[in-house]
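To find a chain, count down the sequence lines: A is the first, B the second, and so on, and within it residues start at 1.
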2 protein chains.
Amino acid sequence: MNIGHASTQTGLPVKTIRYYEEIGLVAPDRAENGYRDFDAAQIADLRFLAQARLMGFSLDECRTLLALEADPSRHSRDVRALAEQNLVSVREKIANLQALEARLTVLIEQCHGDEAPDCAILDGLSHEA
Amino acid sequence: MNIGHASTQTGLPVKTIRYYEEIGLVAPDRAENGYRDFDAAQIADLRFLAQARLMGFSLDECRTLLALEADPSRHSRDVRALAEQNLVSVREKIANLQALEARLTVLIEQCHGDEAPDCAILDGLSHEA
DNA sequence: CTTGACCCTCCAGTTGCTGGAGGCCCTACC
DNA sequence: GGTAGGGCCTCCAGCAACTGGAGGGTCAAG
C-alpha cells in the first residue's frame, strides 16, 4: 500500500507519515520504484499513533506505547502509568488555562472598549504584580 | 541597567530578553563595552511583555499591544478586541483539553493496571473510531 | 594578578509537523 | 508516441518561543 493510500486509511497527512518514518516510529518497505509500501500491521500502527496523538500523548510516549503494544509480556500497569501521567499534565494545563481565562475575563470586563484611549487591559498589563 | 539587572527587575530570563531584542520588541542602548543598557521605559516595556505573555498573548500580539500602549490616540476598543480574541482561543483550548481529559479518564478507569498484559488503554487506541 | 561572575555573539536543538523546490514515475488520453 | 495530470521521492526551510552551550571579552574584589 503506498503512502497516499496509507494516508486515507489512517487519516494522517502524507507528510506526517513520512515524518513518523523519519523518526523511526514506522518502517515501511520500499517498492522497486522507491515508493514506500505499507503492510496491514504498519497501517494498524499508524492508526494507533493517530489515536494516541489525539489522546494527547507526545510522540515519545507514543513510541513507548507502540513498544508496549508489541510486547506480549507487558504489564498493563506500565501503560496505565503513562496514561495517568498524561492525564495529570492535561489537568495542569486545564487549571492554568482556567486561571488565565479568569484573569482575562476580569480585565476585559473592566475595559470600556470604546474610542477613548483609557484601557483597563493595558493598565493591568502595566501595573499588575 | 545591564541585562542581568533587567532580568531580576522583570522576572524574564536573560536569554529571553536578548531574544526579545532580536525580534525587535525592545531596543536597548549599548554601553561602551558592548553591554546592553536598559532605561526605565524599556524595563517597563519588558514588564509589560512579561505580563502580556502570562496573559496568553502571542509575541506578535504583544508587539501590537506595546504599540497600542505607546500610542496616545489608541482606541481601547482595539485592545479589547485583541483580548477577546485571545479569550476565545483560551476557551477553545480548555474545551479541547476537557474533552481529552474525559476520554483519557474513561480509558484509565477501564484498565486494570496490574501485571497482566491485557490493557483497555491499548485496546482503545487500537480499535477506537 | 587571578578568580569568578558577568557580559557578548553565534549556532544548534526543542516539538510536531508543514510548505515548497526540483525531479522521477505512472496512467490515461489523443 | 507524446503529453498532461497526478502521485511519489528527497532535501531544505520555517513555524513559536525560547533554551543550552561553545568560545571568548569584561569587570570588580581580594
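At the heavy-atom level, A:R18 lies under 4.0 Å from base atoms of the strands shown. Residue contacts shown for A:I3 are limited to sugar-phosphate atoms, with no base heavy atom under 4.0 Å away.
For the helix from C:dC1-D:dG30 to C:dC30-D:dG1, the angle separating the two terminal helix axes comes to 30°, with each axis derived from five pairs and the value rounded to 10°.
By the 4.0 Å N-to-carboxylate-O rule, A:E69 lies too far from A:R47 to be salt-bridged with it.
Within the 4.0 Å cut-off from OP1 or OP2 of C:dC25, not a single side-chain nitrogen or oxygen of A:N33 is found. Close to C:dG16, at under 4.0 Å from its OP1 or OP2, lies no side-chain N or O of A:T16. A close approach under 4.0 Å does occur between a side-chain nitrogen or oxygen of B:R30 and OP1 or OP2 of C:dT9. For D:dC8, neither phosphate oxygen OP1 nor OP2 lies less than 4.0 angstrom from any side-chain nitrogen or oxygen of A:R36. For B:Y20 and D:dC18, the shortest distance from a side-chain N or O to OP1 or OP2 is below 4.0 Å.
Counting distance only, with no hydrogens placed and no angle test, the side-chain atoms of A:K15 and the base atoms of C:dG20 include a donor-acceptor pair under 3.5 Å.
Here the P atom of nucleotide C:dC6 and the CZ atom of B:F38 are 16 Å apart, to the nearest Å. Regarding B:F57, its CZ atom lies at a distance of 20 Å from the C1' atom of D:dC18, rounded to whole Å. In this structure, A:E22 places its CD atom 12 Å from P of C:dT14, rounding to the nearest Å.
Where A:Y35 and B:P13 meet DNA chain D, the nucleotide closest to each residue was compared, and A:Y35 sits on the side nearer the 5' end.
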